[in-house]
Novice: 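Right, I'll just put the structure down here and ask away after.
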Amino acid sequence: MFGSHLSIAGGMYKAVLEAERLGFDTVQVFTKNQQQWRVPPLSEESRARWQNECRRLGFDQVVSHDSYLINLASPDPDLRKKSIELFTEELVRCHLLGIPYLVTHPGAHMGQRDDPACESEGCQRVAEALDLILGQYPDHRTIVCLEITAGQGSGLGYRLEHLSSIIKQNRHSDRLGVCLDTAHLFAAGYDFRGNIQYKHLLRQIDTTVGLERVRVWHLNDSQKPLGSRVDRHDHIGLGMIGEEGFKPMIRDKRWRDTPKILETPKLKHPDGRDWDSINLERLKSLIK
Ligand SMILES: [Zn+2]
Ligand SMILES: [Zn+2]
């Protein structure tokens with residue numbers, strides 16, 4: 001199941017229509033302007049149009065990505081408070097819109113880079129914040145998916161162990177999942193190019209978060225080399241992962257019904273085609 005992160009400019013339902021036009025089976029959206037702390041109310045009309053379009057197309061595995069402003073790992077009390085409030089809004093919006101997955105970056109601990117104590121304290125703060133948020137809404141069914149990150153700066157989540165530590169410390173772990181971004185995995189040092197390397201990654205996933213936790217993939221090639229810890233997305237096949245590098249993962253039937261979302265640069269190819277269509281075509285060609 002392939003999708004793309006698409007714009008909600010002009011109405012949330014516009015992202016669904018654009019996904020249909022481009023030939024995707026699902027979509028990822030921000031449910032609000034992701035650069036603003038302010039959250040405008042979600043109108044009944046906006047919600048109804050979104051749900052109607054999703055229903056018409058059978059899009060039941062849609063994904064929301066939270067705002068990049070949110071940092072649930074922050075040691076700063078003000079930023080933590082604002083982050084918890086905004087993430088709560090994000091979760092409520094997903095619930096109202098019937099979105100089953102909310103992807104979030106674990107956040108940055110803001111201390112010494114790669115310091116194990118700072119990292120474990122950061123993971124603890126994320127787990128506690130999510131406990132607080134999820135505990136308020138026992139009836140919500142949206143799964144919060146912690147995304148693997150490239151590990152820039154003091155960012156957490158560039159090790160699968162960070163994600164499993166957050167999950168293990170959380171009282172609502174049945175409502176937590178994992179999102180694996182291929183560009184982030186690669187930049188973080190996880191190589192999955194070739195069957196042997198890919199199988200090794202599967203074992204690492206299984207012994208940390210567990211394979212069944214992986215609910216969403218982000219499919220991006222990486223402009224930066226393996227282990228560079230720098231997050232730069234590239235078109236499928238044009239980066240350092242390359243078409244061959246994607247094959248074992250794309251051909252693995254266990255992910256057939258898992259949303260696999262493109263977050264590659266949009267724009268148009270010089271030949272006038274949409275890059276999203278070209279990337280989708282490339283991915284489908286790798287399955288054969
Ligand atoms: Zn991603
Ligand atoms: Zn990224």
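Numbers for residues simply follow the sequence, beginning at 1. Numbering of ligands and ligand atoms starts at 1, following listing order.
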Novice: Consider only side-chain heavy atoms of I, L, V, M, F, W and Y, link residues closer than 4.5 Å, and tell whether Tyr101 and Ile205 are in one cluster.
Specialist: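 Different hydrophobic clusters.
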Novice: Show, in sequence, the C-alpha distance, side-chain angles and deciding distance for Trp275 and Leu262, and conclude whether the side chain to side chain contact (heavy atoms under 4.5 Å, CB included) test is met.
Specialist: CA-CA 10 Å; Trp275 266 112; Leu262 285 166; over 6 Å; no
Novice: Has Lys82 got its NZ or CZ under 6.0 Å from the middle of the six-membered ring of Trp37, at an angle within 45 degrees of the ring axis?
Specialist: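 Yes; both conditions hold, so Lys82 lies above the ring face of Trp37.
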Novice: Determine whether the aromatic ring centres of His5 and Phe30 lie less than 6.0 Å apart.
Specialist: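 Here the rings of Phe30 and His5 have centres that are less than 6.0 Å from each other.
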Novice: Ignoring water, what protein N, O or S atoms are under 2.8 Å from the Zn ion (ligand 1)?
Specialist: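 Near the Zn ion (ligand 1), the protein supplies Glu147 OE2, Asp181 OD2, His218 ND1, Glu263 OE1.
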Novice: Determine the interplanar angle of the His140 and Tyr137 rings, folded into 0 to 90°, and report it as parallel if under 30°, tilted if 30 to 60°, perpendicular if over 60°.
Specialist: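 Plane angle under 30°, so parallel.
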Novice: Without hydrogens or angle criteria, can the side chains of Thr182 and Asn220 be said to hold a donor-acceptor pair below 3.5 Å?
Specialist: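 The criterion, which ignores hydrogens and geometry beyond distance, is not satisfied for Asn220 and Thr182.
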